[in-house]
Amino acid sequence: MKPTTLVDEFEHYSTWRDAVYVRVEALRDWLGTQELGDAESELRLNQLLGRLQEDTLNVAFVAEFSRGKSELINALFFSDYRQRVLPSSAGRTTMCPTELYYDPTRAPSLRLLPIDTKTREGSIADFKRDTSAWTEFPLNLDSADEMSATLMRLADTMTVDAATAEEYGLINPEDEETARSLTRDGNIAIPRWRHALINFPHPLLKQGLVILDTPGLNAIGTEPELTLSMLPNAHAVLFLLAADTGVTKSDIEIWRHYIAPVQGASRARLVVLNKIDGLWDELKSQAEIDAEIAKQAASSAALLDLPASQVYPVSAQKALVAKVRGDAELLAKSRLPDLEAALSQELIPCKQALISESTQASVEDVVVKATELLETRLSTIQDQIDELEGLRGKNRDVIQHMMIKANEDKQQFERGLEQFNALRNVFASQVETLRKRLGMPALNHEVRRVRQAMEKSHFSAGLREAMERFFREVDGNLNASTEIIQEIRAMMTAMYQKFSDEHGLGAVSPPEYSLKKYRKEMARLEGIFDERFNTLFKMLTMGQHQLTARFFETLASKVVQVFEIANSETESWLKALISPMETQIREHKIQLKRRLDSVSRIHAATETLDDRIAELEATFGTVNDQLDNLARINSRITDALADKLDKLLLARTA
Ligand SMILES: Nc1nc2c(ncn2[C@@H]2O[C@H](COP(=O)(O)OP(=O)(O)OP(=O)(O)O)[C@@H](O)[C@H]2O)c(=O)[nH]1
Ligand SMILES: [Mg+2]
């Protein structure tokens, strides 16, 4: 098998995504020019295009300090720069979580969030929106030396007294290790920065790759956002062990607390056994060395409760050297290509499948709706043609009779419309009740209440009670919303049925919708809270009080995020519920009016019958062409989704 590098595979993926984008855009534009799209379809396609454009692939590197995370990132992604981009050295090097990405609207730079922001309100996500909170250093891409000198700031530390470190939530004074790290005068070295953002125009980052480099256990534990959102949001997590240290207690702790519990079917988790060059012994045969490496991989796997095949032994450092020097033999020996292949195979197909599925679903809904509309048009035109054909040679009395019939149909439909409008009012008031339960003001009220309770309470029992109540209230609101949603759906289903029975409108089954996944997500967050509370906050010192408050802020911003998504999805659903009905009614009204007009015209001049039939037949042809076009545009999207990339590439060069 030809080894695929992550770079190749990712480029392939980006090309695929671009091709899908272009074709979905073509669908949206075509529906627009043909006046076939309604507001709901346009919104859906625009949302889909936005998602395709902003699509990122997040890969996180997690491990205890000095296992070689930064070196592995250099070897995997930055060897083209022919030197170390990220600082990597013995002892603690990376002092704060570091994100590497590319934003074309900003100049290449290193931005650092000062550590004292830990005492300010707001999560890292909040600070990201506040440019002034960051210290910015430009990156000079023309000088590799200057660039790595700038990036050395990731390792900055500063000395503070124990009280300050405690206030930042960085130390626990009762902890033995803390006691040891305090110098004789009671000071301690802490990271100077809380978070780093590197905006760098690397080809992969340009295509949407986002890399997260993290420092060791101490920092992971003090930044709840890492645990709550950054790691769960990563599409792949690489956990590193080092052959020279073996699996230590803190390695196991990181694995158990921060990596193993992160769920999600699409989430690749790879364990890397780094620094295998330490086992390369010139006095041993290759077979003996391989056996030694296999043995260590197997024992590491056993300690982490994994099959041995999931542990990838590599030497990041030798791989970097090999890539810089173009030494193929050394590269093979470093075993990095095996890891790259595994990473690309686990990561990219999963991601592609996810995007493909959601694109398919949105496109299908829109296409089905437009097809139905065109088909209804076709069949009404056909009915009219048949009616007129039957009229050839009939006398005025018959035509008079038809006119009366058309008028009656129209009046009956207008009565139906009145009922529909009454139902719309009921719908609006139910939506109002739903928004009261699910809307942001209700949630913000709960968040404020916990904040107040936290300020007042100095004991963990009080905090716990406030939090438990918070989760209970939030779940209660979700539960009540679920019931309202079911009522709304039942009412709309009945209305659709009625219109279908009485006026011959197409039978539509309103889309199913449930808040279950949000309730599940809330339960997951509560689980994380419980676990953190039980391990960390048995006793509340001042610093821990701070830490709890910050933990809550992060948790709250996560809950707010979940609710924002739930709200926007609910609003889309509500629109999807009513809009097909509105479209159908509008269409039906137009058709009824046309029928009446056409009969009236014939009534006035029976001799124009042939002209009228010819006119209708021409319209029939146009609508038929539209149906063909729509099917063609749709099958182009389906082809792109099925990754017929060879074809795409050929088409592009042609
Ligand atoms: N022999 C050997 N040393 C390595 C290898 N990979 C990394 N190192 C060394 O291990 C040390 C730590 O590497 P880093 O890349 O800084 O490790 P890290 O996990 O990023 O550590 P922190 O930033 O402190 O959390 C450095 O001195 C590297 O040169 C390897 O494959 N073999
Ligand atoms: Mg590092």
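Whatever order the structure lists ligands and atoms in, that order sets their numbers, starting from 1. As the structure is a computational prediction, the values presented were derived from the model and not from experiment.
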- Message: Any atom of ligand 1 sitting under 4.0 Å from a heavy atom of Ser334?
- Response: no

- Query: Does Ala316 have a heavy atom less than 4.0 Å from any atom of ligand 1?
  - Reply: yes

For [atom], grab the closest protein heavy atom and report residue, atom and distance to one decimal in Å.
atom: atom 25 (O) of ligand 1; result: Lys69 NZ, 3.0 Å
atom: atom 28 (C) of ligand 1; result: Ser88 OG, 3.5 Å
atom: atom 6 (N) of ligand 1; result: Asn274 ND2, 3.2 Å
atom: atom 29 (O) of ligand 1; result: Gln317 NE2, 3.4 Å
atom: atom 24 (O) of ligand 1; result: Thr93 N, 2.7 Å

- Task: Using side-chain contact (heavy atoms from CB on, under 4.5 Å) as the criterion, point out the one residue from Leu151, Ile211, Leu141 that pairs with Phe200.
- Result: Leu141

- Query: Which part of Leu86 is near ligand 1, with near meaning a heavy atom under 4.0 Å away: side chain, backbone, both or neither?
  - Reply: neither

- Between Asp277 and ligand 1, find which residue part has any heavy-atom pair under 4.0 Å and reply side chain, backbone, both or neither. side chain

- Message: I'd like to know whether CG of Asp305 has more than 12 heavy-atom contacts from other residues, nucleotides or ligands below 6.0 angstrom.
- Response: no

- Message: Please check if the number of heavy atoms outside Glu329 that lie under 6.0 Å from its CD is greater than 12.
- Response: no

- Message: Suppose we only count N/O/S atoms under 2.8 Å; would Thr93 qualify as near the Mg ion (ligand 2)?
- Response: no

- Message: Tell me whether the Mg ion (ligand 2) has Thr94 as a neighbour, meaning an N, O or S atom of it below 2.8 Å.
- Response: yes

- Query: Any N/O of Thr94 closer than 3.5 Å to an N/O of ligand 1?
  - Reply: yes

- Item | Student check: side-chain heavy atoms of Phe61 and Val272 closer than 4.5 Å | no

Enumerated ligand 1 atoms positioned under 4.0 Å from heavy atoms of [X]:
X: Glu71; value: 6 (N), 7 (C), 15 (O)
X: Ala90; value: 26 (C), 27 (O)
X: Arg92; value: 24 (O)

- Query: Would Leu100 and Phe78 satisfy side chain to side chain contact (heavy atoms under 4.5 Å, CB included), going step by step from the backbone distance to the final call?
  - Reply: CA-CA 11 Å; Leu100 292 108; Phe78 295 106; 3.8 Å; yes

- Could you give the distance from CG (Leu52) to OG (Ser358), rounded to the nearest 0.5 Å? 7.0 Å

- Query: Could Arg451 and Glu553 be called an ion pair, given the rule that one side-chain N must be under 4.0 Å from one carboxylate O?
  - Reply: yes

- Task: Please determine, by modelled atom types, if Asp145 and Ser143 share a side-chain donor-acceptor pair under 3.5 angstrom.
- Result: no

Per [atom], closest listed option by heavy atom ([options]):
atom: atom 11 (C) of ligand 1; options: Ala63, Gly68, Ser89, Pro87; answer: Ser89
atom: atom 8 (N) of ligand 1; options: Lys275, Met95, Arg84; answer: Lys275
atom: atom 20 (O) of ligand 1; options: Ser66, Ser70, Gly91; answer: Ser70

- Message: Can you tell me how the ring of Trp255 sits relative to the ring of Phe239, calling it parallel under 30°, perpendicular over 60° and tilted otherwise?
- Response: tilted

- Evaluate the ring planes of Tyr81 and His202, with Trp represented by its six-membered ring, and classify them as parallel (under 30°), tilted (30 to 60°) or perpendicular (over 60°). tilted

- Query: Looking at Lys295, Arg335, Lys333, which hits salt bridge (charged side-chain N to carboxylate O under 4.0 Å, His left out) with Asp290?
  - Reply: Arg335

